[in-house]
Amino acid sequence: MATLAPEIALTPSAAARVAAIATKQNKPAILRLSVDGGGCSGFQYKFGFADAVETDDTIAETDGVRLVVDSVSMDLVRGCAVDYVESLGGAAFKVENPNAASGCGCGSSFAV
């Protein structure tokens, strides 16, 4: 059974961006965050749109937009916040992960 929990967070900025992209792609406003092995620091974040919430997902909801994380990835991102940031260098989703001991310059991989 999917769990709605305060263990992860989706900022209003990220929720607004997910909603805009989902509307353009005619998809549900469900952003999936998962962790894969690899990247320059050992693990890497992977984002994608989900068609539905799975039974083992943990869910954060902001402004009607859902962030979902599977149970295996949850152990590595518990306590994180997903934000959407725009800068001179570009725009991207950014994970603020309190479990990461180190990360790479691009912000898409981390080590624990």
Side-chain angles (χ1 to χ4, degrees):
M1 178 177 192
T3 307
L4 186 60
E7 300 172 314
I8 54 173
L10 184 66
T11 68
S13 174
R17 185 63 182 152
V18 170
I21 294 170
T23 298
K24 281 185 179 180
Q25 294 185 359
N26 200 25
K27 294 224 176 223
I30 304 171
L31 180 67
R32 177 167 298 283
L33 168 62
S34 59
V35 176
D36 286 340
C40 49
S41 295
F43 294 101
Q44 60 187 353
Y45 301 113
K46 182 177 171 188
F47 289 102
F49 280 91
D51 291 323
V53 175
E54 301 295 329
T55 56
D56 73 332
D57 285 340
T58 298
I59 306 164
E61 190 167 331
T62 302
D63 300 331
V65 176
R66 293 180 175 184
L67 170 67
V68 296
V69 179
D70 65 89
S71 60
V72 174
S73 297
M74 190 63 194
D75 289 335
L76 296 167
V77 298
R78 189 175 315 281
C80 81
V82 175
D83 194 11
Y84 181 74
V85 294
E86 294 183 35
S87 68
L88 292 175
F93 289 101
K94 181 178 179 183
V95 179
E96 298 289 338
N97 188 347
N99 303 307
S102 64
C104 68
C106 68
S108 65
S109 66
F110 66 102
V112 290

Engineer: So if I apply the side chain to side chain contact (heavy atoms under 4.5 Å, CB included) rule between Phe93 and each of Leu33, Asp83, Val18, which one comes out positive?
Structural biologist: Val18

Engineer: At their closest point, which heavy atom of Ile8 faces which heavy atom of Ala60, and how far apart are they?
Structural biologist: O-CB, 3.5 Å

Engineer: Rounded to the nearest 0.5 Å, what's the gap from OG1 on Thr11 to OH on Tyr84? Could you check?
Structural biologist: 11.0 Å

Engineer: Quick one: pull up CZ in Arg78 and CG in Asn97 and give me the separation to the nearest 0.5 Å.
Structural biologist: 11.0 Å

Engineer: Has Arg66 got more than 12 heavy atoms of other residues, nucleotides or ligands less than 6.0 Å from its CZ?
Structural biologist: no

Engineer: For residues 20-27, which side-chain donor-acceptor pairs fall under 3.5 Å, sequence neighbours excluded?
Structural biologist:
{"unit_1": "Thr23", "atom_1": "OG1", "unit_2": "Ala19", "atom_2": "O", "d": "2.9"}

Engineer: Are the side chains of Val77 and Phe43 in touch, meaning some heavy atoms are under 4.5 Å apart?
Structural biologist: no

Engineer: Between OG1 of Thr58 and CE of Met74, what distance do you get to the nearest 0.5 Å?
Structural biologist: 4.5 Å

Engineer: Checking the side chain of Ser73 only, and the main-chain atoms of Val35 only, is there a donor and an acceptor separated by less than 3.5 Å?
Structural biologist: yes

Engineer: Val85 and Tyr45: same hydrophobic cluster, using ILVMFWY side-chain contacts below 4.5 Å?
Structural biologist: no

Engineer: Look up atom CG in Leu10 and atom CD1 in Ile59, then write down how far apart they are to the nearest 0.5 Å.
Structural biologist: 12.5 Å

Engineer: Measuring from atom CD of Gln44 to atom OG of Ser34, what distance do you get when rounded to the nearest 0.5 angstrom?
Structural biologist: 9.0 Å

Engineer: Measure the shortest side-chain to side-chain distance between Asp70 and Asp57 over non-hydrogen atoms and say whether it is less than 4.5 angstrom.
Structural biologist: yes

Engineer: Should Val82 and Phe47 count as side-chain neighbours, where that means a heavy-atom distance under 4.5 Å?
Structural biologist: yes

Engineer: How close do Pro28 and Ala50 get, counting heavy atoms only, and between which atoms?
Structural biologist: CG-O, 4.0 Å

